[in-house]
Amino acid sequence: MASAVGVLFVMNEFELIRQFFVEPTTDAMVRLGIGDDCAIVAPQAGEEWVITTDTLVAGRHFPLDTDAYSIGWKALAVNLSDVAAMGARPRMVLLALSVPDADPVWLAQFRQGLFDLAQQHGVQLIGGDTTKSPLLSITITALGSVASGQAIRRSGAQVGDYVVVTGSIGDAAYALRHPHSALQHRLDRPIPRVAFAQGLRGVAHAMLDISDGLAQDLGHLLRQSGVGAVLDWSAIPIHPLLAALPLPEQQQLVLSGGDDYELCLTIAPHAWPVLQEWAAQTNTPVQVIGQITAQQGLSLSCQGQISAWTHTGFMHFDSTTTSP
Ligand code: ADP
Ligand code: MG
């Protein structure tokens with residue numbers, strides 16, 4: 001879309017799109033990809049579509065010195081993670097890119113990060129928008145498919161369910177506070193749990209991905225399900241680098257730190273062995289960290305004491321929390 005002041009790239013907008021973003025269509029459902037006013041997609045009978053969008057703004061959602069490859073990777077990863085969190089299969093994405101200039105080296109690395117991850121999951125870029133802007137900002141819209149009625153919502157948790165997480169929690173928040181640590185990749189190149197999530201339809205009662213901190217995100221799931229939970233602090237999987245920190249700092253990073261893109265789900269206790277088997281098949285670490293209760297709210301059991309957890313994760317426009 002051209003703006004009133006014109007799109008002031010050295011390379012024009014259309015050359016840029018052709019050079020960096022047009023790829024042959026591989027998904028037969030895509031009847032028309034990049035190049036027209038809209039893409040055309042032919043949905044299949046018996047399927048529903050999940051649709052989500054997420055924006056990354058430089059200096060806000062990633063440090064300003066983040067390399068272009070990681071930015072491309074992460075912009076896609078956070079969206080694929082949302083699709084996975086519904087138990088759906090990611091299929092197509094649209095990319096709205098606002099960049100300060102058309103630096104071909106930066107663009108080549110950015111598109112490589114994005115396409116490397118897209119190819120791993122057979123995801124097709126079918127359109128987008130490209131504008132010049134003083135601030136680097138990337139918005140990706142992702143579309144995924146799931147058998148009708150099978151998407152896993154946040155609202156299905158049942159009293160007595162186990163609360164389960166994948167991977168380790170708090171790594172990305174640690175990396176943000178400790179630049180160039182061994183956990184830097186956890187902040188820069190999150191790996192969406194797409195394959196694992198595919199096996200959870202009909203198994204998980206409720207699920208979401210952890211983007212804004214375990215306590216806040218699990219809080220959403222609990223509220224939408226009308227239940228509460230008690231978490232066992234000692235069961236939450238944390239990296240040795242975090243375990244070496246003073247306890248209050250550990251808890252802050254693990255419960256309120258964002259950007260992990262791990263999954264948090266609830267299952268009936270009898271489904272745990274099945275889940276463990278599927279996790280082993282998909283190389284996914286899983287851990288039971290607590291249980292769903294009829295009493296609402298989130299409590300934390302730590303060193304023999306149970307207390308209500310009231311701290312929140314990161315919230316935009318809230319001056320009492322800090323930005324990731
Ligand atoms: P319009 O002005 O009709 O919105 P554009 O000129 O902005 O169309 O874009 C031309 C085509 O290129 C469209 O198919 C659009 O979806 C696609 N496109 C634009 N920018 C991107 C991008 N960054 N990545 C992928 N496709 C893009
Ligand atoms: Mg446009």
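When a ligand or atom number is given, it counts from 1 through the structure's own listing order.
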* Asked: In terms of side-chain geometry, is the basic nitrogen of R189 or D116 positioned less than 4.0 Å from the acidic oxygen of its partner?
  -> no
* Does F20 come within less than 4.0 Å of ligand 1, judged by its heavy atoms? -> no
* Asked: Short list, please: which atoms of ligand 1 are under 4.0 Å from a heavy atom of L125?
  -> 24 (N), 25 (C)
* Asked: Is any N or O atom of L97, backbone or side chain, closer than 3.5 Å to an N or O atom of ligand 1?
  -> no
* Using a 4.0 Å heavy-atom threshold (strictly under), name the region of D36 that reaches ligand 1: side chain, backbone, both or neither. => backbone
* **Salt-bridge criterion met for K74 and D259 (N-O under 4.0 Å)** => yes
* To do: Identify, by atom number and element, the atoms of ligand 1 in contact range of T130, meaning under 4.0 Å from any of its heavy atoms.
  => 19 (C), 20 (N), 21 (C), 22 (C), 23 (N)
* Structure fact -> Taking only non-hydrogen atoms of D37 and a 4.0 Å limit, the atoms of ligand 1 in range are 3 (O)
* Asked: With a cut-off of 4.0 Å, which atoms of ligand 1 are near a heavy atom of I34?
  -> 12 (O), 14 (O), 17 (C), 25 (C), 26 (N)
* If you round to the nearest 0.5 Å, how far is CG of L125 from CE of M92? -> 11.5 Å
* Kindly indicate whether a cation-pi arrangement holds for R111 with F115, taking the cut-offs as under 6.0 Å to the six-membered ring centre and within 45° of the axis. => yes
* Structure fact -> Near L95 (heavy-atom distance under 4.0 Å), the atoms of ligand 1 are 22 (C), 23 (N), 24 (N)
* Asked: Which one holds for I17 and ligand 1: side chain close, backbone close, both close, or neither close, with close meaning a heavy atom under 4.0 Å?
  -> side chain
* To do: Taking only heavy atoms of F14 into account, list the atoms of ligand 1 that are under 4.0 Å away from them.
  => 6 (O)
* To do: State, without any angle test, whether T139 and T55 hold a side-chain donor-acceptor pair at a distance under 3.5 Å.
  => yes
* Structure fact -> One should read off an interatomic distance between W106 CH2 and I71 CD1, to the nearest 0.5 angstrom, of 5.5 Å
* **Within 6.0 angstrom of L245 CG, more than 12 heavy atoms from elsewhere** => yes
